[in-house]
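Whatever order the structure lists ligands and atoms in, that order sets their numbers, starting from 1. Heavy atoms only: backbone and side chains are in, while hydrogens, waters and symmetry mates are out. Sequential numbering from 1 along the given sequence is applied to the chain's residues.
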Amino acid sequence: MGGRGRVEPNPMVGCVIVRDGQVIGEGFHAAFGGPHAEPTALSASTQSPRGATAYVTLEPCCHTNKKTPPCVPTLIEAGITRVVIGCLDPNPNVNGAGVRMLRDASIEVDRVPDGLGAECRQLIAPFLVRQQFQRPYVTMKWAQTADGKVAGHEGMRLQISGDRANAFVHTLRARSDAIVVGINTVLTDDPVLTVRGVPAVRTPERVIIDRKLRTPNDCRLVRTALQLPTVVVTSLTAPSTNFEPLVERGVRVVWPPAQREDVLLAALAAGDWVQKPYSHVLVEPGPTLANAFFKAGLCDRLWVIHNSRSIEDASAPTAATVPDWFAKTGELSLGADTLIEYLNVQSAGYHATVPSADFTLAQDLK
Ligand SMILES: NC(=O)c1ccc[n+]([C@@H]2O[C@H](COP(=O)([O-])OP(=O)(O)OC[C@H]3O[C@@H](n4cnc5c(N)ncnc54)[C@H](OP(=O)(O)O)[C@@H]3O)[C@@H](O)[C@H]2O)c1
Ligand SMILES: [Zn+2]
């Protein structure tokens with residue numbers, strides 16, 4: 001898990017070398033382009049790995065068209081005699097070929113039990129979703145009061161969560177490729193959507209979903225667009241007069257191709273046709289956008305922060321209802337807030353009802 005936010009678009013991978021029932025080396029893939037988990041664990045071994053077993057969360061790689069040398073020959077040369085893998089690598093360059101190459105070298109290869117295998121797949125769910133469906137992993141997050149409100153009187157901005165919960169949210173922002181909001185949130189809250197108070201592992205693009213191109217030229221997102229990447233995803237029917245002023249201020253304005261009119265998908269793919277593909281997208285929606293993502297089946301994971309305060313104002317907008325098909329995977333108390341994590345069991349990004357790596361690592365901040 002130590003590589004989260006740094007390894008993408010690669011998956012997080014961990015490896016443990018065991019000899020005579022004793023762990024002699026551990027390693028993980030820490031950063032994109034850097035050494036993989038297996039050579040890291042081998043070099044960290046306190047004893048010779050000859051005759052040892054390597055436990056790896058993902059099938060070791062065997063292809064050469066990449067930044068680092070393949071791990072299978074390294075395991076063979078190190079004298080490893082058994083490899084236990086968490087799951088197969090869906091990358092077409094590997095996908096079973098790593099296992100075959102190990103077996104050809106007379107190394108025993110075993111799989112972990114099914115339940116553990118599902119947990120290994122959940123660990124790399126964003127990688128699997130990208131490999132199989134060419135889309136990013138999508139997390140939604142919102143905060144709500146004890147009486148289920150997400151903003152103040154008539155939708156006015158209201159700071160609901162406390163400092164500790166906010167720090168958690170910033171760790172999630174810091175490992176995301178994009179932070180997505182709906183146009184109403186821009187109009188009411190004027191957010192800046194930056195990573196604050198935690199190490200910035202990545203610089204997320206800030207994405208506004210705005211079909212009618214109503215993003216104000218003087219909002220904070222636009223005013224900072226020359227310093228921080230900012231994208232407005234609109235539709236072909238938006239007034240063209242609003243286009244130029246945004247572009248002049250450094251905003252990239254994109255829209256879905258005519259044959260694919262879904263702006264939600266366009267927002268998730270914004271990197272695809274503009275820059276690099278997104279691996280992980282964080283949506284910070286109001287109730288309208290949250291329901292749209294639920295309806296489109298485009299949310300893989302949900303973080304809801306519950307504050308213990310009620311505001312008792314009928315004009316305040318009410319949070320979206322968490323759909324029945326979201327399974328709770330974690331709950332964490334943070335002062336006056338409780339963070340609850342859910343996974344969408346109907347999504348292609350679901351493999352096991354276990355807390356995500358982001359949730360587990362956020363716990364360490366406590
Ligand atoms: N507590 C929290 O965590 C939190 C987080 C965010 C916001 N908020 C609050 O939520 C309120 C705003 O929420 P909201 O629900 O009104 O707005 P929103 O979710 O910010 O944006 C909704 C807008 O997105 C646009 N949109 C684009 N594509 C869409 C699609 N496929 N389906 C639906 N909408 C689409 C629509 O505007 P167009 O038709 O013009 O495109 C729609 O009105 C504010 O009061 C804000 O303070 C709270
Ligand atoms: Zn490798």
Problem - Residue-atom pairs from the protein, N, O or S only, that lie under 2.8 Å from the Zn ion (ligand 2) - result: His36 ND1, Cys61 SG, Cys71 SG
Problem - Shortest heavy-atom approach to atom 5 (C) of ligand 1 - which of Ala143, Pro285, Gly182, Ala320 - result: Pro285
Exercise for the section: Could you check which of Ala296, Ser235, Gly286 puts a non-hydrogen atom nearest to atom 19 (O) of ligand 1? Expected result: Gly286
Problem - Test of proximity, Lys141 against ligand 1: N or O pairs below 3.5 Å - result: no
Handout entry: From Ala151, Ala292, Ala267 - option closest to atom 32 (N) of ligand 1 by heavy atom
Key = Ala292
Practice task
Under 4.0 Å from a heavy atom of Trp142: give me the atoms of ligand 1 that qualify, with their elements.
Solution key: 3 (O)
Problem - Min N/O separation Ile160 to ligand 1 under 3.5 Å - result: no
Practice task
Could you tell me whether Gly155 and ligand 1 have an N or O pair separated by under 3.5 Å?
Solution key: yes
Practice task
In sequence, state the C-alpha distance, the side-chain angles, and the governing distance for Phe294 and Trp325, and then conclude on ring pair (Phe, Tyr, Trp, His ring centres under 6.0 Å).
Solution key: CA-CA 10 Å; Phe294 287 144; Trp325 55 91; 7.4 Å; no
Handout entry: Close side-chain approach of Val304 and Tyr342, heavy atoms under 4.5 Å
Key = yes
Fill in the blank from the handout: Numbered in order shown, the ligand 1 atoms found under 4.0 Å of a heavy atom of Lys212 are 38 (P), 39 (O), 40 (O)
Handout entry: Working for side-chain contact (heavy atoms from CB on, under 4.5 Å), residues Val263 and Thr234
Key = CA-CA 7 Å; Val263 288; Thr234 190; over 6 Å; no
Problem - Under 3.5 Å: N/O of Asp189 near N/O of ligand 1 - result: yes
Practice task
State the atoms of ligand 1, each with its element, that fall below the 4.0 Å cut-off from a heavy-atom position in Thr188.
Solution key: 44 (C), 45 (O), 46 (C), 47 (O)
Practice task
Check each heavy atom of Asn291 against ligand 1 and say whether those closer than 4.0 Å belong to the side chain, the backbone, both or neither.
Solution key: neither
Exercise for the section: Enumerate the residue pairs fulfilling side-chain hydrogen bond (donor to acceptor under 3.5 Å, both in side chains) with a member in residues 18-34, sequence neighbours excluded, ordered by first and then second residue. Expected result: Asn10-His29
Fill in the blank from the handout: Closest heavy-atom approach to atom 40 (O) of ligand 1 among Arg214, Arg211, Lys295 is made by Arg214
Exercise for the section: Report, in ascending order of atom number, the atoms of ligand 1 lying under 4.0 Å from any heavy atom of Glu284. Expected result: 6 (C)
Problem - Partners meeting salt bridge (Lys or Arg N to Asp or Glu O under 4.0 Å) with Arg82 (sequence neighbours left out) - result: Glu108, Asp110
Practice task
Tell me, please, which residues at least two apart from Pro136 pass side-chain contact (heavy atoms from CB on, under 4.5 Å).
Solution key: Arg130, Leu268, Tyr278, Val281
Practice task
Looking only at distances, please establish whether an N/O atom of ligand 1 is found under 3.5 Å from an N/O atom of Gln144.
Solution key: no
Practice task
Ignoring hydrogens, just give me the one of Leu158, Val186, Thr288 whose non-hydrogen atom is nearest atom 15 (O) of ligand 1.
Solution key: Thr288
